[in-house]
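In what follows, every chain begins at residue 1, and chains take the letters A, B, ... in the order their sequences are listed.
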Protein chains: 2
Amino acid sequence: MESNNDKPSTPTNAGSTGSPGTQAQAKGFQAVRKAHQSEIVEDYVELISDLIEQCGEARPVDIASHMGVTQPTVVKNLARLQRDGFITREKYRSIFLTKTGADLANICRHRHRIIVAFLLHLGLDAETAEHDAEGLEHHVSNKTLAAFEAALEK
Amino acid sequence: MESNNDKPSTPTNAGSTGSPGTQAQAKGFQAVRKAHQSEIVEDYVELISDLIEQCGEARPVDIASHMGVTQPTVVKNLARLQRDGFITREKYRSIFLTKTGADLANICRHRHRIIVAFLLHLGLDAETAEHDAEGLEHHVSNKTLAAFEAALEK
DNA sequence: TCCTAAAGTTAGCCATGGCTAATCTTCTAT
DNA sequence: ATAGAAGATTAGCCATGGCTAACTTTAGGA
Ligand SMILES: [Mn+2]
Ligand SMILES: [Mn+2]
Ligand SMILES: [Mn+2]
Ligand SMILES: [Mn+2]
């Protein structure tokens, strides 16, 4: 999976190959890429959960308007969610979360709310807080989330 | 480019089609998708700028190890950066930033540093701060960035 | 000088996640 | 009861951004 760039010899270029700082930076970028893979799943299960709460059911057309994408895009993403065990569904019927999906939704909603609360606490308006939280939530480590919560306590 | 979902008629399901909250949420998701499009460009120009500073030149092999990807991946992404006017290069030679690329690098570095400083200010360790900043930096609006700076002043 | 290892490139594979166009199903209102 | 609208699906397109394998070029050291 990884390349073994740990030759101490002929480091043509200074301060690059596999230095501790380099590796740490690479880890950061890899974490970002990993977060992007989970992102759609997280946003979808959270939205589906909200729609079931608020509307009684989660339909592709509503997911599409909330996500700002077309219905075929929703259908395609729902197929992945089903494949990966987060939802169950039958053709032309509304969508249900599996236990796995519902659990993930709760975790995501919790995370989301902490971030929004933290941004509001910093003095931002509600719209900006919601707007930015939608992206930030996927890149906040547990440590940082805890720091946000701690700041809210004070 | 956009679909016109502003039918006030027959909203079969309550509280969904084009309601103000729904549209605001959609705007948030759209902003996240847009951020993801600029992300690679931003991270690459910032890294290239750093490598030129620290090593005297930016070579694909070093970009690869810092980004945690393979060299062919770097080459492909560099082709896009060149196509879009952020870098210039000749085959088998190291990479240079255009004015556009260098300006963007400076903006990104500035942003990056503010976020790291803010996370450190919250009490996080340096590694976590750098790690999380790598993702967060692409999802912080100007308003939120300003709020971070304000918090640092105090 | 020239051989070889490292660096760079190319080709080609795959998954993701957007989109439009066209079709099919469901549901509602007459 | 049924026609038409709204919703759902399918098919097929495209760009992105990972990867491996194979090849070419460059450059350092014997
Ligand atoms: Mn992101
Ligand atoms: Mn989100
Ligand atoms: Mn969310
Ligand atoms: Mn980044």
Side-chain angles (χ1 to χ4, degrees), chain A residues 1-13 16-18 26 29-44 51 55 57-84 87 89-95, chain B residues 1-13 16-18 26 29-44 51 55 57-65 67-84 89-95:
Chain A
M1 208 152 277
E2 255 81 76
S3 52
N4 288 21
N5 298 3
D6 9 30
K7 302 275 171 56
S9 56
T10 46
T12 302
N13 205 293
S16 58
T17 307
F29 285 119
Q30 283 165 343
V32 173
R33 293 195 293 272
K34 185 158 195 176
H36 286 164
Q37 291 188 328
S38 347
E39 204 165 312
I40 289 232
V41 173
E42 294 177 10
D43 288 335
Y44 271 66
L51 286 172
C55 306
E57 62 176 346
R59 300 184 310 159
V61 67
D62 295 325
I63 297 174
S65 60
H66 280 80
M67 295 286 302
V69 296
T70 61
Q71 280 149 313
T73 294
V74 170
V75 168
K76 191 177 283 193
N77 287 330
L78 290 177
R80 283 182 50 225
L81 264 65
Q82 184 174 26
R83 181 198 67 190
D84 296 340
I87 62 171
R89 63 187 314 229
E90 292 165 56
K91 258 194 185 181
Y92 300 103
R93 314 304 297 270
S94 61
I95 296 132
Chain B
M1 209 150 274
E2 254 80 78
S3 52
N4 290 21
N5 297 6
D6 7 34
K7 302 273 171 55
S9 56
T10 44
T12 304
N13 203 293
S16 59
T17 309
F29 285 119
Q30 283 164 344
V32 173
R33 291 195 295 271
K34 186 158 197 176
H36 286 164
Q37 291 188 327
S38 347
E39 204 165 313
I40 290 234
V41 173
E42 294 177 10
D43 288 336
Y44 271 65
L51 286 172
C55 306
E57 61 176 345
R59 300 186 309 160
V61 66
D62 296 324
I63 297 174
S65 62
M67 296 285 304
V69 297
T70 61
Q71 279 150 312
T73 294
V74 170
V75 168
K76 191 177 285 194
N77 287 330
L78 290 177
R80 283 182 50 224
L81 263 66
Q82 184 175 24
R83 182 196 67 189
D84 297 341
R89 63 186 315 228
E90 292 165 58
K91 256 195 187 180
Y92 301 103
R93 313 305 297 269
S94 61
I95 296 133

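Between A:Thr70 and C:dC19, a side-chain N or O to OP1/OP2 separation shorter than 4.0 Å is present. Between B:Thr73 and D:dC19 there is a side-chain polar atom (N or O) within less than 4.0 angstrom of OP1 or OP2. The shortest distance between the side-chain N/O atoms of B:Arg83 and the OP1/OP2 oxygens of D:dT16 is below 4.0 Å.
In this structure, B:Met67 places its CE atom 10 Å from P of D:dC19, rounding to the nearest Å. Between B:Asp62 atom CG and C:dA7 atom C1' the separation is 10 Å, expressed in whole Å. In this structure, CD of B:Gln82 is placed 13 Å from C1' of C:dT9, rounded to the nearest angstrom. For A:Asp43 and C:dT16, the CG to C1' distance is 15 Å, given to the nearest whole Å. Between B:Lys34 atom NZ and D:dA15 atom P there is a gap of 19 Å when expressed in whole angstrom units. Rounded to whole Å, atom C1' of C:dG18 lies 15 Å from atom CZ of B:Phe29. Following rounding to the nearest Å, A:Tyr44 (OH) and C:dG18 (C1') show an atom-to-atom distance of 10 Å. The distance from atom CG of B:Asp84 to atom C1' of D:dT16 is 12 Å, rounded to the nearest whole Å.
In terms of heavy atoms, A:Tyr44 sits closest to A:Val74 at OH-CA, 3.8 Å. Across A:Arg59 and A:Ser94, no two heavy atoms sit closer than the pair CG-CB, 4.3 Å.
Among the nucleotides C:dC19, D:dG7, C:dG8, the one closest to the side chain of A:Arg59 is D:dG7.
Rounded to the nearest 0.5 Å, atoms CZ (B:Arg33) and NE2 (B:His36) are 10.5 Å apart. In this structure, CD on A:Glu39 lies 15.0 Å from NZ on A:Lys34, to the nearest 0.5 angstrom. For the atom pair CG (A:Leu51) and CG (A:Asp62), the distance works out to 6.0 Å, reported to the nearest 0.5 Å.
In this view, B:Arg89 and B:Pro60, B:Leu78, B:Gln82, B:Ile87, B:Ile95 satisfy the side-chain contact (heavy atoms from CB on, under 4.5 Å) rule, not counting sequence neighbours. Scored by the side-chain hydrogen bond (donor to acceptor under 3.5 Å, both in side chains) test, A:Gln71 finds no partners at all (sequence neighbours excluded).
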Listing time: all N or O pairs from protein to nucleotides 9-11 of chain D that are below 3.5 Å?
{"from": "D:dT9", "atom 1": "OP1", "to": "A:Arg89", "atom 2": "NH2", "distance (Å)": "3.1"}
{"from": "D:dT9", "atom 1": "OP1", "to": "A:Tyr92", "atom 2": "N", "distance (Å)": "3.3"}
{"from": "D:dT9", "atom 1": "OP2", "to": "A:Arg89", "atom 2": "NH2", "distance (Å)": "3.0"}
{"from": "D:dT10", "atom 1": "OP1", "to": "A:Lys91", "atom 2": "NZ", "distance (Å)": "3.2"}

